[in-house]
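Just so it is clear, the structure is predicted and the values come from calculations on it, not from any experiment.
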There are 2 protein chains.
Amino acid sequence: MNFATDSNDVGELRLEGFLPYRLANIAERISQALSLIYAEQFDLTIAQWRILAWLQQERTLSAKRICELTAMDKARVSRAVNQLIERELIQRQRDHEDQRTQWLSLAPAGLTLLKDVIPRALDWEAEIVATLSATEYRDLLRLLSKVEKGLARLESPSHDTASPSEPN
Amino acid sequence: MNFATDSNDVGELRLEGFLPYRLANIAERISQALSLIYAEQFDLTIAQWRILAWLQQERTLSAKRICELTAMDKARVSRAVNQLIERELIQRQRDHEDQRTQWLSLAPAGLTLLKDVIPRALDWEAEIVATLSATEYRDLLRLLSKVEKGLARLESPSHDTASPSEPN
DNA sequence: CCACCTTAGTTTCAAATGAAACGATAGGCC
DNA sequence: GGCCTATCGTTTCATTTGAAACTAAGGTGG
């Protein structure tokens, strides 16, 4: 079942109906627009912002887990984490059983910062989705979850690459 | 109307319900997975692939227009275009009225390559969205369009930044 | 206990990126 | 025509990126 090729059948691609393109395009534009909030006003990179947001939600995480949750490279995560620690927005503590892994959590300053950023991010999101009804919003999230499931199936036919949208 | 903050109201962010995060995450993972097709098998970068795909659809485009359509930086587009020309996948021709703009179009080799890539990309997409019914697929695209409209409204309250998904 | 393999996170290095400066053309406007 | 400003696309340069090598810590099997 394929709707990105309606008219000419073979070899024709209509990008408006090609999900990978549509998602990449919208996501890119949204990320870029949202970054104006956390980048310009709080001097955070995308990577830093994502890490903070996840730590806010999960209390404590390893760098490894953050890689899975955010789909970011481990080098990128490592660097962002160090920058956040330097700014004392998060703190790091070695696991006592396994000296390799280190647990990350928000530092007081990070919590303060988030209390400032998050409401703005939420307000901003609200403006964007103002075009959607409550039902449509829920439908959209539900459909994205379904796509994510299809994706997970392909990404790792038998291995779990973390399904961040379904934490429970 | 906001669903990313259910429980605690102020200052709490649940990422699973935060659209910018969900879109970025899914789009990133899809792009990454799809790139295995055009990168590994055809040695194309994302930028190159997007340009080819758009040229396939629109016959002829200026670099400027490609920037708008793909939400990519003009330096990035410039470089990708030159690489494509070097590989003789596309061709360039100056506009006779305006010597600044140059029109890009697929070269024979580019068309051949696309005839090879596109079916694979479509098949791959089909696998991903196999979890969706036809109706759900259409709904998803429709909802994304609505989000895009909300986004366009914020991006430029009175100026058109090209709505690639609604070409007509 | 000692090879050997795996895993967590860091670092290195080359390539990709984007902001800003640039060159070249075009379009007023006087 | 000469001057000012805007636009298309390229290039420069400093930063960011990610693949791969690396360090350090566990595990495992003999």
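Residue contacts shown for B/K64 are limited to sugar-phosphate atoms, with no base heavy atom under 4.0 Å away.
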Side-chain polar contacts of residues 37-47 of chain A - donor-acceptor pairs under 3.5 angstrom, sequence neighbours left out - could you list them?
unit_1	atom_1	unit_2	atom_2	d
A/Q41	OE1	A/R120	NH1	2.4
A/T45	OG1	A/Q48	N	3.1

I'd like a table of atom pairs between the protein and nucleotides 12-16 of chain D - only N or O on both sides, under 3.5 Å - with the distance next to each one.
unit_1	atom_1	unit_2	atom_2	d
D/dT12	O4	B/R79	NH1	3.4

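Atom CG of B/D73 is separated from atom P of D/dT11 by 15 Å (rounded to the nearest Å). Between the P atom of D/dA24 and the NZ atom of A/K74 lies a distance of 15 Å, rounded to the nearest Å.
For DNA chain C, the contact window with chain B, defined by any atom under 4.0 Å from a protein heavy atom, covers C/dT17 to C/dA26 in 5' to 3' order.
Partner of B/Y137 under the side chain to side chain contact (heavy atoms under 4.5 Å, CB included) criterion, out of A/L19, A/V147, A/L143: A/L19 alone.
A side-chain donor from one of B/N82 and B/R92 sits under 3.5 Å from a side-chain acceptor of the other. For B/S145 and A/R22, the side-chain atoms include at least one donor-acceptor pair closer than 3.5 Å. B/Q57 and A/E16 share a donor-acceptor pair across their side chains, judged by distance under 3.5 Å alone.
A heavy atom closer than 4.0 Å to some atom of DNA chain D occurs in A/E97, A/D98, A/Q99, A/R100, these being the qualifying members of residues 92-102 of chain A.
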(request) Begin from the C-alpha positions of A/W49 and B/Y21 and carry the test ring-ring contact (aromatic ring centres under 6.0 Å, His included) through to its verdict. (result) CA-CA 11 Å; A/W49 154 250; B/Y21 166 73; 9.8 Å; no

(request) Show your working on salt bridge (Lys or Arg N to Asp or Glu O under 4.0 Å) between B/E136 and A/R142 and close with a plain yes or no. (result) CA-CA 10 Å; B/E136 287 176 324; A/R142 187 181 56 80; 3.3 Å; yes

(message) Is there a salt bridge (Lys or Arg N to Asp or Glu O under 4.0 Å) between B/E58 and B/R65? Walk through the geometry before answering.
(response) CA-CA 11 Å; B/E58 300 290 328; B/R65 186 83 188 110; over 6 Å; no

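Within the structure, the salt bridge (charged side-chain N to carboxylate O under 4.0 Å, His left out) test picks out the following pairs touching residues 97-111 of chain A (sequence neighbours left out): A/D98-A/R100.
Listed by chain and residue number, B/D95 satisfy the side-chain hydrogen bond (donor to acceptor under 3.5 Å, both in side chains) test with B/W103 (two or more places apart in sequence, or in another chain).
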